[in-house]
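Numbers restart at 1 for each chain; the letters A, B, ... are given by sequence-line order, proteins then strands. Scope of the values below: all heavy atoms of this structure, side chains included, with no hydrogens, waters or symmetry mates.
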Amino acid sequence: MSEVRVRFAPSPTGALHVGSARTALFNWLFARNQGGKFVLRIEDTDLARSTQESVEGILEGMRWLGLDWDEGPGADAGEYGPYFQSQRLELYQKYIDLLLEQDKAYLCYCTADELDAMRKEQMAKGEAPKYNRKCACLSADDREKFAAEGRTAVVRFRSTDEGRTKVADLIRGDVYFDNEVLDDFVIRKSDGMPTYNFAVVIDDALMRITHVIRGEDHLSNTPRQIQVYEALGFAAPEFAHIPMILGPDKTKLSKRHGATSVTQYREDGFLPEAIMNYLALLGWSYNATQNIFSRDELVEKFSLAKCTKNPAVFDIKKLEWMNGVYLRELSAAELTQRAVPLLIAAGLIDKAEAEAQEERIKTIMAALQTRLHSLVDVVDSSRYFFTDDFTYDEKAVKKFLGRPYAVKLFGLLLTGLEAVESWSQESIEAVFKSVQQELDEKLGNVIQPVRVAVTGGTVSPGMYEVLELLDKELSLKRLRKGLEMAQQQAKQE
RNA sequence: GCCCCCAUCGUCUAGUGGCCUAGGACAUCGCCCUCUCACGGCGAAGACAGGGGUUCGACUCCCCUUGGGGGUACCA
């Protein structure tokens, strides 16, 4: 039994899209599960739209997700390279020449305008648009004449009208296409580049790909490709067409649905393990109950047989929930390690402070952890720990600092806390409890005004914990400010 | 237009003829925990697109309709 070889073959015309990432993931999972090889090939035959920047973005996205490739750009496994289609032109030409020699392909001199007109006419007559084979039987003289006119030729594959082509799909079963509906498609463009449907066959064959796992949008192209395999005497690989990923409106996921690039999700604070887990569940499931899978578990449990056929709507809410799950699974040290760069970037701390306060930051992160939906949330939710430069929620100030007992509350609290010798949650709590008794208010009524004074808002970790982390000096400073604000509110009454 | 694929709660899905009074997860709602918000716990509501067959028996098999998606390029 030969080794499993799969590939991910993006065209570098933009960022790594989540749909592409999911395709890459399924290929990677299958390869790792089967102990096979995962090949990365860049399909850059569209000169006008391919960019180096996109190539780099895609590679970076793959690395970030942890989808390592055994062969491809940057991996020194040159056995079946090069791995950029633009560097494989002579290979394609060799097979095009072969087809031409055997009369399995022919030169076509029709112009774009002529083809347009032809299609319009066919549509008008209610026929399926299909190349009319005008150039299918050109003589050498005809060709010379066209060339003399300055026309450039494309190469077309000579397809048959007889019979049907079977695509044996591992996910969908046998799918049949009448050969009659396939036309003589172009395999070499006038700029000399091969078309997708041709290059993909040559590369998959030469790279010994055993399983082609790709999006369902390629299913309809597969019979054309199979015909090329047959014409060249290549054995066709196994095919597995996985369902599309759709936006909330059930149309193909695109930019207008929000973030679609892996890089964007990274910037928005999503963890790669969460994205991987979520993407794995789009079109695949293991059983009725399990949702959370580690990378190793995914590798161990993945199978094509458990892939679904129906398209899946991308649900950002579930991704956010899952991201929270992974965020909570992080140890305080891991969370801190990932968060510190963001805190530095936001200007809340500098590098030296990050090192000096490592333990404190770790504790702060642990306190914030269950409240995070995304990694970037750490900046906003921890701001008041690092700077006085935060905004007070106006409504909250009015509501809680305007309470009739507020001035008295801050006065008592300040007196009590100033006297505290060893600053700890326990000693802070003791003061709060005695003030609560004195005021005869519910604990919540005591704490909420303090929370507003200390954090600027109504949401934070436990109050005693926050005060302890703030340290005595800073806590008292914020409480004095709270007292002032309470007095101001009282005046305005 | 033609060809192909798909069809279970709002969403992702389990389900391979009787185990289904259709299970889980996200989202929603309620309760509990509680100093707020989260987390966590408990609970509620919520689906087999429609119509024909086949069968003793259909969510499961077949056909049609409807709906959605994809392809039909010198894009990939």
Side-chain angles (χ1 to χ4, degrees), chain A residues 9-13 43-46 48-50 85 108 110-112 115-116 119 122-130 152-156 167 169 171-172 175-178 180-183 185-197 199-200 215-224 241 243-244 246 248 250-252 278 281-292 308-322 324 328 368-373 381 396 400 429 432 436 442-448 450-452 455 457-464:
Chain A
S11 72
T13 55
E43 307 215 325
D44 55 350
T45 54
D46 185 343
R49 297 199 300 145
S50 298
Q85 287 190 327
C108 166
C110 294
T111 64
L115 293 172
D116 262 2
R119 281 189 204 104
Q122 289 168 333
M123 299 280 262
K125 277 196 265 177
E127 292 169 13
K130 183 174 167 179
T152 50
V154 300
V155 177
R156 282 184 187 274
V167 177
D169 192 280
I171 293 172
R172 280 150 217 286
V175 181
Y176 295 90
F177 295 83
D178 285 328
E180 203 192 332
V181 305
L182 272 27
D183 67 354
F185 57 96
V186 173
I187 57 176
R188 190 186 69 190
K189 302 183 255 184
S190 54
D191 66 1
M193 287 304 223
T195 58
Y196 163 74
N197 279 115
V200 74
E216 199 207 315
D217 45 344
H218 291 292
L219 181 58
S220 298
N221 284 320
T222 309
R224 292 173 230 284
H241 289 92
M244 306 259 82
L246 275 23
K250 305 237 181 190
T251 64
K252 205 169 167 180
Y278 178 69
L281 258 24
L282 249 32
W284 174 84
S285 72
Y286 179 64
N287 60 21
T289 56
Q290 189 173 356
N291 282 287
I292 301 298
T308 59
K309 300 182 203 179
N310 42 328
V313 173
F314 189 85
D315 182 6
I316 184 76
K317 287 281 178 204
K318 190 158 184 176
L319 208 209
E320 281 169 353
W321 163 77
M322 198 170 275
R328 270 170 252 131
L368 257 20
Q369 196 161 15
T370 61
R371 281 155 256 262
L372 265 25
H373 280 107
S381 56
F400 292 106
E429 182 172 2
F432 269 77
Q436 181 200 351
K442 285 201 293 192
L443 187 58
N445 288 340
V446 173
I447 285 186
Q448 275 308 77
V450 176
R451 177 167 277 119
V452 173
T455 72
T458 55
V459 171
S460 84
M463 209 59 248
Y464 314 137

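As rounded to the nearest Å, B:C3 and B:C12 have C1' atoms that lie 30 Å from one another. Across B:A22 and B:C59, the matching C1' atoms stand 8 Å from one another, rounded to whole Å. Straight-line distance between the C1' atoms of B:G41 and B:A47: roughly 27 Å, to the nearest whole Å. Taking atom C1' in both B:C19 and B:A7, the straight-line distance is 25 Å, to the nearest Å. For the P atoms, the distance from B:G30 to B:G71 is 43 Å, rounded to whole Å. Separation of the C1' atoms belonging to B:C39 and B:C32 is 14 Å when rounded to the nearest angstrom. B:A27 sits 27 Å from B:G69 when the P atoms are compared, rounded to a whole Å. As rounded to the nearest Å, B:G70 and B:C31 have C1' atoms that lie 47 Å from one another.
Using modelled atom types, no side-chain atom of A:Tyr278 and backbone atom of A:Glu320 make a donor-acceptor pair closer than 3.5 Å. In this structure a side-chain-to-backbone donor-acceptor pair under 3.5 Å is present from A:Arg451 to A:Pro461. Looking at A:Thr195, its side chain does come within 3.5 Å of a backbone N or O of A:Val186 through a donor-acceptor pair. Looking at A:Arg224, its side chain never comes within 3.5 Å of a backbone N or O of A:Leu182 through a donor-acceptor pair. Distance alone, capped at 3.5 Å, places no donor-acceptor pair between the A:Asn221 side chain and the A:Asn197 backbone. Between the side chain of A:Ser285 and the backbone N or O of A:Leu281 there is no donor-acceptor pair closer than 3.5 Å. Within the 3.5 Å criterion, the main-chain N or O of A:Glu180 finds no donor-acceptor partner in the side chain of A:Asp178.
The aromatic rings of A:Phe432 and A:Tyr464 lie perpendicular to each other, with more than 60° between the two planes, well past the 30° mark.
Base pairing annotation: B:G18 forms a Watson-Crick or G-U wobble pair with B:C56, both donor-acceptor distances under 3.5 Å. Using the Watson-Crick or G-U wobble rule with both distances under 3.5 Å, B:A25 pairs with B:U11. If you check B:G67 for Watson-Crick or wobble pairing at under 3.5 angstrom, you find it paired to B:C6. Checking B:G40 for Watson-Crick or G-U wobble geometry (two distances, each under 3.5 Å) identifies B:C32 as its partner. Base pairing of B:G1 is made with B:U72, judged by Watson-Crick or G-U wobble geometry with both donor-acceptor distances under 3.5 Å. Under the Watson-Crick and G-U wobble criteria, each requiring two contacts below 3.5 Å, nucleotide B:C48 is left unpaired.
Annotation: the span from A:Met193 atom CE to A:Ile187 atom CD1 amounts to 15.0 Å, rounded to 0.5 Å.
Between A:Ile292 atom CD1 and B:A25 atom C1' the separation is 9 Å, expressed in whole Å. Going from atom NZ of A:Lys318 over to atom C1' of B:C26 covers 5 Å, rounded to whole Å. Between the OH atom of A:Tyr286 and the P atom of B:A25 there is a distance of 18 Å, rounded to whole Å. Here B:C4 presents its P atom at 15 Å from NE2 of A:His241, a figure rounded to the nearest Å. Atom pair A:Lys317:NZ and B:A25:P shows a separation of 19 Å (rounding to whole Å applied). Protein atom CZ of A:Phe177 is 13 Å distant from nucleotide atom C1' of B:C2, rounded to whole Å. The CD1-P distance, from A:Ile171 to B:A7, rounds to 13 Å in whole Å. Atom P of nucleotide B:G23 and atom CG of A:Asn291 are separated by 16 Å, given to the nearest angstrom.
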Mark up nucleotides 34-43 of chain B, 5' to 3', with B wherever a protein heavy atom is under 4.0 angstrom from a base atom, S wherever such an atom reaches only the sugar-phosphate, and - elsewhere. -BBBBSS---
Do nucleotides 61-76 of chain B as a string where each nucleotide becomes B, S or -: B if the base has a protein heavy atom under 4.0 Å, S if just the sugar-phosphate does, - if no protein is that close. -------SBBSSSBBB
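Using a 4.5 Å heavy-atom threshold, the side chains of A:Asn310 and A:Pro243 count as separate. Side-chain contact between A:Lys318 and A:Asn291 is present, with at least one heavy-atom pair separated by less than 4.5 Å.
Within 4.0 Å (heavy atoms only), A:Tyr176 reaches sugar-phosphate atoms of the nucleic acid but no base atom. Using a 4.0 Å heavy-atom criterion, one finds that A:Gly215 contacts no nucleic acid atom at all.
A residue-by-residue look at A:Pro248 and A:Asn287 shows that A:Pro248 has its nearest nucleotide of RNA chain B further toward the 5' end. Two residues, A:Ala128 and A:Thr308, neighbour RNA chain B, and the one matched to the more 5' nucleotide by heavy-atom proximity is A:Ala128.
Here A:Lys309 reaches the OP1 or OP2 of B:C6: one of its side-chain N or O atoms lies under 4.0 Å away.
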